[in-house]
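For reference, the structure is listed below as structure tokens.
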Amino acid sequence: MAHIALPEGNPGISGGFAFRPETATPMRELADILLYQPGSLSPGERELIATYVSSQNDCYFCQTSHGAAAAAYLGGDAVVKQVKADFQTASVTPKLKALLTIAGKVQRGGKNVTGEDVAHARNLGATDVEIHDTVLIAAAFCMYNRYVDGLGTWQPHDQTMYAEMGKHLVEHGYLRPSR
Amino acid sequence: MPHIALLEGLPGIRGALAFRPETAKPLNELVEVLMRGPHTLSPGERELIATYVSALNECYYCQTIHGAIAAAHLNGDEDLVKRVKADFQQADISGKLKALLVIAAKVQKGGKNVTGEDISHARSKGATDLEIHDTVLIAAAFCMFNRYVDGLGTTQPRDEALYRERGKQVAREGYIAVSKTYMPAKAAAR
């Protein structure tokens with residue numbers, strides 16, 4: 001049971017969003033810009049970063065819903081599983097591996113990011129905007145994950161539901177609720 | 001030096017926000033509603049929660065600017081801000097705010113640390129569901145802002161007078177209004 005009286009039937013973050021629409025609006029817009037709107041990193045790559053950070057934070061709802069979105073973009077969940085288990089051996093570009101290294105450092109704390117991490121990502125073709133957005137995606141999921149778990153939200157273990165949510169995110173982005 | 005080419009002369013989060021106005025908009029809107037929107041917790045109490053979480057995350061810029069904003073809301077009481085950071089259980093704040101700071105500290109370490117007992121204790125001190133919700137979200141949001149500010153290697157001048165003046169300005173005018181004084185008119189071409 002959630003720690004506070006969240007409207008029923010809303011899994012994960014949608015419970016918090018339904019409880020407090022005033023804060024939901026900017027939180028949805030931030031996710032939409034970072035993960036859905038056009039950028040030089042594909043939406044699938046950005047969802048992989050979000051999934052990886054959520055997995056490092058051990059947030060079931062976030063890693064499963066964003067993993068489903070990533071799988072929908074990438075045509076299957078094989079890469080999603082690889083990235084969560086060990087991204088260095090996953091079938092992703094070296095640039096994305098370098099960005100995932102930065103994201104993992106940010107998850108543990110912003111000061112962990114070194115000049116060498118950033119130089120390595122640049123050598124592999126990462127731009128300043130890509131590095132900025134990687135840092136902010138990782139930081140933002142340290143917020144979303146804590147919000148979802150800190151309220152004790154309902155997180156059903158129902159893969160069909162997450163697959164539908166992933167499909168909704170791919171088709172409509174983050175501004176509107178999926179249910 | 002910052003890890004990426006942030007505008008010079010804009011310390012802390014300001015350089016990052018100016019670099020990417022698209023994400024700055026929802027970030028400023030979120031902090032404005034959380035810290036300054038109509039609420040039963042005063043802006044000073046909410047800024048103390050933000051300052052405390054930023055201190056736990058060891059983000060110099062965030063704990064200093066939000067500490068200055070908190071003091072500005074609290075009749076300039078910088079000693080109270082220092083006591084909350086050092087040991088809030090001994091600080092001269094309400095029992096309810098202490099219970100909410102316990103929850104905020106749990107969220108800072110990870111959301112799953114919050115227990116039903118923490119919530120019952122806050123409720124027994126008079127906390128409402130909305131106050132508990134916003135405490136969780138303020139703590140979570142500052143785990144984002146702190147990582148954003150430190151993860152980009154932003155410049156963080158050690159100049160308390162600068163933070164004190166800016167803290168007064170933000171307390172008076174708000175986050176969105178102040179951001180308009182330093183945000184570029186439009187995103188730089190890239």
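Chain A is the first sequence line, chain B the second, and so forth, proteins listed ahead of strands; every chain is numbered from 1.
Heavy-atom minimum distance, A:Pro26 versus B:Glu29: CB-CB, 4.0 Å.
Residue-environment remark: CD (B:Glu160) stays at or below the threshold of 12 foreign heavy atoms within 6.0 Å. Summarising the local packing, NZ of A:Lys167 is surrounded by 12 or fewer heavy atoms from other residues, nucleotides or ligands at distances under 6.0 Å. Around the CD atom of A:Glu8, the shell of radius 6.0 Å holds no more than 12 heavy atoms that belong to other residues, nucleotides or ligands. Residue B:Gln89 qualifies as enclosed at atom CD: its count of foreign heavy atoms under 6.0 Å is above 12. More than 12 heavy atoms of other shown residues, nucleotides or ligands fall within 6.0 angstrom of atom CG in A:Asp86.
Interface residue A:Val106: backbone and side-chain heavy atoms are both found under 4.5 Å from chain B. Proximity to chain A is limited to the backbone of B:Asn57, based on heavy atoms less than 4.5 angstrom apart. Only the backbone of A:Thr114 comes within less than 4.5 Å of a heavy atom in chain B; its side chain stays farther off. A:Asn145 does not touch chain B: none of its heavy atoms, backbone or side chain, sits under 4.5 Å away. For chain A, the nearby parts of B:Leu152 are the backbone and the side chain; heavy atoms of each come within less than 4.5 Å. Heavy atoms of A:Gln107 lying under 4.5 Å from chain B belong exclusively to its backbone. With a threshold of 4.5 angstrom between heavy atoms, A:Arg28 does not approach chain B through any atom at all. Contact of B:Leu27 with chain A is made through the side chain alone, with heavy-atom distances under 4.5 Å. Looking at A:Ile102, there are no atoms closer than 4.5 Å to chain B (heavy atoms on both sides), in backbone or side chain. Using a 4.5 Å cut-off between heavy atoms, B:Lys25 contacts chain A through its side chain alone, with no backbone atom that close. Only the side chain of B:Asp134 comes within contact range of chain A, judged by heavy atoms closer than 4.5 Å.
Atom-to-atom distance recorded for B:Met144:CE and A:Tyr144:OH is 7.0 Å, nearest 0.5 angstrom. Going from atom CG of A:Leu34 over to atom CD of B:Glu22 covers 10.5 Å, rounded to the nearest 0.5 Å. Expressed to the nearest 0.5 Å, how far NE2 of A:His3 lies from CG of B:Asp118 amounts to 7.5 Å. Taking CG from B:Leu30 and CE from A:Met27, the interatomic distance works out to 6.5 Å, rounded to the nearest 0.5 Å. Once rounded to the nearest 0.5 Å, the distance linking CD1 of A:Ile33 with CZ of B:Arg20 reads 7.0 Å.
Put simply, of A:Gln37, A:Arg122, A:Arg108, the one with the most heavy-atom pairs under 4.5 Å next to chain B is A:Arg122. Interface summary for chain B: among A:Val148, A:Thr134, A:Val118, A:Val135, the most heavy-atom pairs under 4.5 angstrom belong to A:Val135.
No donor-acceptor pair under 3.5 Å is formed between the side chain of B:Asp129 and the backbone N or O of A:Ile4. A:Arg146 places a side-chain N or O within donor-acceptor distance of the main-chain N or O of B:Gln108, the cut-off being under 3.5 Å. In this structure a side-chain-to-backbone donor-acceptor pair under 3.5 Å is missing from A:Asp128 to B:Ile4.
Looking at A:Lys111 and B:Glu58, no side-chain N of the basic residue comes within less than 4.0 Å of a carboxylate O on the acidic one, giving no salt bridge.
Linking ILVMFWY side-chain heavy atoms closer than 4.5 Å, directly or via other members, places B:Tyr60 and B:Leu162 in two distinct hydrophobic clusters. When hydrophobic clusters are built by joining Ile, Leu, Val, Met, Phe, Trp and Tyr residues whose side-chain heavy atoms come closer than 4.5 Å, directly or via intermediates, B:Val170 is grouped together with B:Tyr182. Note on B:Tyr61: it clusters hydrophobically with B:Leu56, by side-chain heavy-atom contacts below 4.5 Å among ILVMFWY residues. Under the 4.5 Å side-chain heavy-atom criterion for grouping Ile, Leu, Val, Met, Phe, Trp and Tyr, A:Leu151 is not connected to B:Val33 through any hydrophobic cluster. The same ILVMFWY cluster, assembled from side-chain heavy atoms under 4.5 Å apart, contains both A:Leu35 and A:Val170.
By the 4.5 Å heavy-atom criterion applied to side chains, B:Cys143 and A:Met143 are not counted as neighbours.
Ring geometry, A:Tyr147 versus B:His133: the interplanar angle exceeds 60°, so the pair is classed perpendicular (tilted spans 30 to 60°).
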